[in-house]
Amino acid sequence: MRADARAVALMITLNGLAAVAGLAGPWLLGRVIDTVAAGTGSVAAVDHLALGILLCTLGQILLSRSALVAGHRFGERTAARIRERFLDRVLALPAAVVERVPAGDLAARGTADVGAVAFTLRDAVPEVLIAAAQAAFVLAAVFLLNPLLGAVGVAGLSGIAVATRWYLRRARSAYLDEGAAGSVLADELASTIAGARTVEAFGLQHRRLAAGRAAIGRARRTRLRTLFLRSVLFPVVDLSYVVPVVAVLLLGGALYADGRITLGAVAAAALYLRQLAVPLDAILIWLEQLQSTGASFARVEGLAGLPAVVPVGGPPPAGDRIEVRGVRYAYDGGRAVLRDVDLTVRPGERLAVVGPSGAGKSTLGRLLAGVDRPGAGTVTVGGVPIADLPPDLLRRQVVLVTQEQHVFRDAIRDNLTIAAPDATDEQLLAALAVVGADWVTELPYGLDTRLGGDDLALDGAHAQQLALARVVLADPHTVVLDEATALLDPATARDAERALAAVLHDRTVIAIAHRLQTAHDADRVAVMEAGRLVELGTHDELVAAGATYAALWRTWHG
């Protein structure tokens with residue numbers, strides 16, 4: 001609201017004028033009653049009062065509509081800012097954080113929660129402002145007519161205050177639980193759909209159905225809890241609307257009988273209090289939505305509490321040498337998967353990292369690429385910690401390519417220009433040719449062919465070729481390949497590796513591989529075992545040493 005203060009001021013002004021126009025009707029109707037009861041006015045006088053009621057009603061309608069238009073424009077602008085800020089925060093999260101967050105949770109926050117906040121900002125904020133202004137003016141009008149009637153009317157509304165207080169004390173936690181249950185349900189559905197073939201292959205249908213039903217049951221229980229809160233609040237509120245009207249009519253009747261108030265004033269006060277039900281209803285109905293939206297807004301803003309990628313000021317790397325010193329690393333406070341690793345990667349060399357499964361090879365690759373930050377020790381490039389580099393500078397230094405890739409639902413050209421926004425079609429086709437993706441030129445629409453959904457679906461090998469083409473376009477000085485060609489057939493993989501070697505012959509290449517032919521072709525081989533770097537040297541040196549690498553080499557050759 002502070003960011004759009006002028007729009008908020010316009011809304012408040014228009015709402016106030018609309019509320020004042022709405023007050024004129026009951027007051028003028030009271031004047032009509034008093035004029036007729038006294039028998040002193042003419043028909044023309046009554047007609048003039050009736051015309052005034054009509055004009056004030058039309059004025060209220062026009063002012064309220066203008067206020068609503070201003071409120072909707074404010075809401076859309078504000079909702080756009082929230083969506084953009086949410087997206088910026090998601091993109092600023094470290095890759096390691098995003099990977100550990102359930103996919104359904106981020107999806108639910110980015111769709112249902114952001115949508116709920118946007119809807120409320122567009123509709124609830126202006127309507128609540130209108131209703132609050134009307135309620136305040138109506139109560140003020142009753143007190144101006146007769147302070148005693150005003151006090152009785154406000155006392156009659158105390159039931160609303162009690163019920164609302166009871167509701168608010170329980171609603172926030174209930175709606176937060178409902179939102180969390182929705183995220184769990186979304187994650188269960190997403191994971192089941194993503195692994196549908198695996199579920200079918202291993203006969204896990206009953207287990208997945210049980211997990212899905214458990215998530216649905218939790219979502220249902222939390223939904224019923226919020227429904228119960230509403231089922232208590234609204235009946236009490238509806239009853240509370242009648243109480244002040246009845247009290248004012250009874251007290252007003254007694255005062256009129258004593259000649260202490262006019263009949264028109266009693267009628268106007270009763271009409272005002274009856275009119276109060278409309279804005280209060282709007283506020284209370286939106287109060288329920290505001291509780292739900294408050295929980296959604298908390299979940300959207302909750303991303304601000306996660307660590308973002310914050311560029312650290314300082315000098316750029318002085319060279320391309322990568323140094324790993326005394327590195328230890330553990331996932332989420334578990335056991336250490338890397339222990340006291342020391343390694344120097346010389347600029348321009350081809351280093352192969354090998355070892356049995358679980359030795360820590362991929363974890364070391366993630367640290368070298370700045371995806372994760374070491375728990376102890378340092379990983380630097382040119383004397384600067386890799387994880388402290390701004391993302392744009394980091395990706396010009398080191399790029400990690402894994403066997404897990406993503407194809408965006410867009411044209412092939414757009415999937416490639418992520419790595420090089422200014423690349424020409426000739427450069428894109430050249431990068432594709434380097435990794436053996438000549439099949440793109442045979443497509444009817446070439447680079448404009450759309451991928452995903454109902455469009456062209458790529459298999460794992462073709463999708464990995466796109467990922468490797470991005471590496472060529474990004475042109476970093478160091479590339480970390482974590483089984484990057486694992487999904488390619490052997491012939492295509494060898495062609496892609498040769499092509500990458502030719503293109504990156506003056507670059508540093510760190511290849512994490514199970515195919516020991518990669519190690520045979522490397523300048524040096526780093527051997528990992530149980531989270532430690534146990535051997536480092538050339539292929540021939542390590543085979544001759546007869547230790548861990550030699551055993552792996554003999555096993556690989558049968």
Side-chain angles (χ1 to χ4, degrees), residues 94-97 99-100 307-391 393-400 402 476-483 507-513 519 522-538 541-542 545 547-549 552:
V97 174
E99 289 173 0
R100 294 168 199 167
V309 177
V310 180
V312 177
D320 301 340
R321 180 182 293 271
I322 295 177
E323 301 274 357
V324 180
R325 291 290 175 264
V327 163
R328 295 178 63 86
Y329 185 82
Y331 287 102
D332 297 327
R335 67 178 184 84
V337 294
L338 291 178
R339 302 178 180 86
D340 303 321
V341 176
D342 291 293
L343 176 66
T344 298
V345 184
R346 298 187 291 261
E349 82 167 322
R350 188 177 182 90
L351 176 71
V353 182
V354 301
S357 296
K361 304 185 299 296
S362 295
T363 302
L364 178 60
R366 292 168 63 88
L367 295 179
L368 292 171
V371 176
D372 287 324
R373 187 182 298 272
T378 60
V379 181
T380 61
V381 56
V384 178
I386 292 179
D388 288 345
L389 293 175
L393 178 57
L394 172 62
R395 297 308 161 216
R396 292 199 301 270
Q397 303 286 324
V398 186
V399 166
L400 171 67
T402 71
H477 69 65
T478 299
V479 179
V480 181
L481 301 174
D482 187 358
E483 291 292 334
R507 304 290 192 269
T508 305
V509 179
I510 303 170
I512 300 168
D523 299 327
R524 287 193 301 163
V525 181
V527 184
M528 302 290 299
E529 188 175 35
R532 297 182 184 276
L533 180 61
V534 295
E535 289 185 283
L536 181 64
T538 67
E541 290 171 349
L542 297 181
T548 302
Y549 180 78
L552 288 172

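On a predicted model such as this, the values are computed, not experimentally measured, just so you know.
Between the CD1 atom of I322 and the CD1 atom of I386 there is a distance of 4.5 Å, given to the nearest 0.5 Å. To the nearest 0.5 angstrom, L536 atom CG is 9.0 Å from E541 atom CD. Interatomic distance, D320 CG to Q397 CD, rounded to the nearest 0.5 Å: 6.5 Å.
The salt bridge (charged side-chain N to carboxylate O under 4.0 Å, His left out) test with E349 is passed by exactly one of R507, R524, R321: R524. Each of L368, L343, I512 was compared with L351 under the side chain to side chain contact (heavy atoms under 4.5 Å, CB included) criterion, and only L343 meets it.
With 3.5 Å as the limit, one finds a donor-acceptor pair spanning the side chains of T344 and E323.
Judged by distance alone, the side chain of K361 and the main-chain N or O of V527 form no donor-acceptor pair under 3.5 Å. For D523 (side chain) and R350 (main-chain N/O), a donor-acceptor pair under 3.5 Å exists by modelled atom type. Between the E535 side chain and the T548 main chain, a donor and an acceptor come within less than 3.5 Å of each other.
Ionic pairing of R373 and D388 is present here: one or more N-O contacts between side-chain nitrogen and carboxylate oxygen are shorter than 4.0 angstrom. A salt bridge links R366 with D372: the distance from a Lys NZ or Arg NE/NH1/NH2 to an Asp or Glu carboxylate oxygen falls below 4.0 Å.
Summarising the geometry of A519 relative to V354, their closest heavy-atom pair is CB-CG1, 4.0 Å, with the distance given to 0.1 Å.
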